[in-house]
2 protein chains.
Amino acid sequence: MNRPEGAARRSRIQQRNRKRILEAALDIFSQYGFRGATLDQIAEAAGLSKPNILYYFSGKEAIHVTLLNDLMDAWLAPMREIDPAGEPLEEILRYVHRKLEMSREFPRESRLFANEILQGAPRIGPHLTSVLKPLVDETAALIGRWIDAGRLARVDPYHLIFSIWATTQHYADFDAQVQVLAEGHDVHEGAAAYLDMLYRQLLTP
Amino acid sequence: MNRPEGAARRSRIQQRNRKRILEAALDIFSQYGFRGATLDQIAEAAGLSKPNILYYFSGKEAIHVTLLNDLMDAWLAPMREIDPAGEPLEEILRYVHRKLEMSREFPRESRLFANEILQGAPRIGPHLTSVLKPLVDETAALIGRWIDAGRLARVDPYHLIFSIWATTQHYADFDAQVQVLAEGHDVHEGAAAYLDMLYRQLLTP
DNA sequence: CCACAATCTGACCAACCGGTCAAGAATTTT
DNA sequence: AAAATTCTTGACCGGTTGGTCAGATTGTGG
């Protein structure tokens with residue numbers, strides 16, 4: 001009697017169906033938000049019956065929390081890859097470009113997070129404190145050292161990080177607006193060039 | 001037999017109660033999104049009974065649309081106030097500061113819009129095309145002329161506008177995250193100084 | 001091929017949701 | 001103060017939602 005819920009070993013069927021469910025749930029949750037999404041929608045998108053979905057997850061909220069936790073790591077990977085031994089300006093610009101790339105490749109993940117934060121992070125709040133904050137503090141300290149060494153212009157590291165997040169994720173989260181206003185132009189190519197210039201101008205000592 | 005729904009003259013009671021309802025609805029919608037909000041929540045927040053709310057508005061969607069339309073004007077006012085005859089850099093920086101100020105003073109309005117756009121602008125899409133787009137096109141053209149006259153550095157006006165929106169509204173929309181990471185610091189004062197430097201560095205010819 | 005566990009589903013349920021309605025209470029008009 | 005109109009509400013309704021459960025079906029190890 002295995003519980004699919006726990007983190008124990010999973011059979012091939014469990015692996016396959018859990019993946020299906022999470023994939024479908026990402027679609028639905030990112031599009032309609034937590035309360036706007038329904039289990040029936042997720043079930044249909046996953047090609048499973050609703051009771052079957054509740055065989056693999058204890059409830060709607062468990063699916064949502066699992067999604068957010070699983071995604072958090074991938075979402076923070078670019079920041080973890082900033083190399084303290086690298087050339088500061090190039091490291092920051094590489095980070096900006098990777099974040100912009102993720103906005104294009106994983107817009108659903110971006111919107112899922114945005115939805116959660118917008119509503120006050122009711123289900124991922126603790127994770128922010130325990131996982132996100134230490135990483136950001138560490139990165140901010142690194143940037144601070146780079147600035148003190150005269151290798152970057154003097155800016156507030158935290159606001160720098162906020163503005164990088166804001167400017168890159170904007171293209172995923174506010175895509176509906178961007179599409180109306182850009183109207184056909186190659187948005188991402190232009191964004192890459194613009195953001196490169198923006199942060200190069202700001203950070204060049 | 002007046003219909004409170006129409007744009008006709010409104011009695012004092014109608015004015016007061018419509019205002020109460022919209023105020024309460026702004027609270028609830030901005031916190032939970034459209035589908036996440038319930039008429040019962042709005043009714044309780046407004047101190048009115050549910051049927052009474054439906055006496056003033058034809059339905060949940062009508063309240064939401066009214067909110068969005070009423071807010072759109074106030075939201076775009078700072079962009080309308082950019083003075084074509086002013087000093088370009090100062091005009092842009094003033095716009096940035098006004099937008100940041102609105103993020104602090106009207107975070108609920110910011111989140112209401114963010115929620116709507118995140119979900120694909122299903123209820124305000126036409127408004128984006130008919131109201132927002134012409135204004136943005138006009139402003140972008142103005143910035144383009146300033147650039148051609150050598151009074152601003154050469155940047156893509158549309159991406160400049162996107163980045164101003166992203167960086168300023170971030171402090172309202174992602175407040176839950178910012179609060180965790182900033183932890184006590186005076187966020188808005190720091191943001192104002194940072195954004196001033198950011199756009200000054202970028203735009204100075 | 002058999003026994004046992006794992007997987008799956010139709011039928012069902014209580015709670016909630018947006019919205020209606022008839023009738024009562026309050027206000028304004030005459 | 002009577003009549004007419006506006007405002008308010010308790011009771012109710014059909015549909016949806018998250019979740020349950022008994023039992024059927026499928027997969028698996030011996």
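These numbers come from a predicted model, not from an experiment. Chain naming here is simple, since letters A, B, ... match the order of the sequence lines and numbering starts at 1 in each.
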message: Distance criterion of 3.5 Å, no angle test: do you see the side chain of B/Lys60 paired donor-to-acceptor with the base of C/dG19?
response: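 Per atom types, no contact qualifies.
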
message: Can you tell me how the ring of A/Tyr171 sits relative to the ring of B/Phe162, calling it parallel under 30°, perpendicular over 60° and tilted otherwise?
response: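 A/Tyr171 vs B/Phe162 ring planes: perpendicular.
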
Which nucleotide in [options] has an atom nearest any side-chain atom of [X]:
{"X": "A/Asp40", "options": "D/dT8, D/dG18, C/dC17", "answer": "D/dG18"}
{"X": "B/Arg12", "options": "D/dC7, C/dT28, C/dC8", "answer": "C/dT28"}
{"X": "B/Tyr55", "options": "C/dC8, C/dT9, D/dT8", "answer": "D/dT8"}
{"X": "B/Leu39", "options": "D/dG18, C/dG19, C/dC17", "answer": "C/dG19"}
{"X": "B/Ser49", "options": "D/dC7, D/dT9, C/dT7", "answer": "D/dT9"}
{"X": "B/Pro51", "options": "D/dC7, C/dT7, D/dA11", "answer": "D/dA11"}
{"X": "B/Ile13", "options": "C/dT9, C/dT7, D/dC7", "answer": "D/dC7"}

- prompt: Above 12 or not: heavy atoms from other molecules or residues under 6.0 Å from CZ of B/Arg80?
  reply: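 Above 12, so yes.
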
Calculate the interatomic distance between [X] atom [atom1] and [N] atom [atom2]; express it in whole Å.
{"X": "B/Glu61", "N": "C/dG19", "atom1": "CD", "atom2": "C1'", "value": "14 Å"}
{"X": "B/Gln14", "N": "C/dT27", "atom1": "CD", "atom2": "C1'", "value": "13 Å"}
{"X": "B/Asn52", "N": "C/dT20", "atom1": "CG", "atom2": "P", "value": "15 Å"}
{"X": "A/Glu44", "N": "D/dG18", "atom1": "CD", "atom2": "P", "value": "14 Å"}
{"X": "A/Lys50", "N": "D/dT20", "atom1": "NZ", "atom2": "P", "value": "11 Å"}
{"X": "A/Tyr56", "N": "C/dA6", "atom1": "OH", "atom2": "P", "value": "12 Å"}
{"X": "B/Ile63", "N": "C/dG18", "atom1": "CD1", "atom2": "P", "value": "10 Å"}
{"X": "B/Leu54", "N": "D/dA11", "atom1": "CG", "atom2": "P", "value": "18 Å"}

message: Using a heavy-atom cut-off of 4.0 Å across all strands, would you classify A/Ala43 as base, sugar-phosphate, or nothing?
response: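 It contacts nothing in the nucleic acid.
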
query: At under 4.0 Å between heavy atoms, what does B/Arg16 touch on the DNA or RNA strands: base, sugar-phosphate, or nothing?
result: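 Nothing, no heavy atom under 4.0 Å.
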
field: A/Phe174/B/Gln169 under side-chain contact (heavy atoms from CB on, under 4.5 Å): CA gap, chis, key distance, verdict
entry: CA-CA 12 Å; A/Phe174 291 73; B/Gln169 290 172 10; 4.2 Å; yes

- prompt: Toward the 5' end of DNA chain C, which comes first, A/Leu48 or B/Phe34, by nearest nucleotide?
  reply: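 Upstream on the strand: A/Leu48.
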
Side-chain donor-acceptor pair present, A/Thr167, A/Tyr199, cut-off under 3.5 Å: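 Side chains of A/Thr167 and A/Tyr199: pair found under 3.5 Å.
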
- request: May I ask you to verify if any side-chain N or O of B/Asn17 is less than 4.0 angstrom from the OP1 or OP2 atom of D/dT8?
  value: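 For D/dT8, OP1/OP2 do have a side-chain N/O of B/Asn17 under 4.0 Å.
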
- request: Begin from the C-alpha positions of A/Arg94 and A/Glu87 and carry the test salt bridge (charged side-chain N to carboxylate O under 4.0 Å, His left out) through to its verdict.
  value: CA-CA 10 Å; A/Arg94 196 164 56 86; A/Glu87 165 63 27; over 6 Å; no

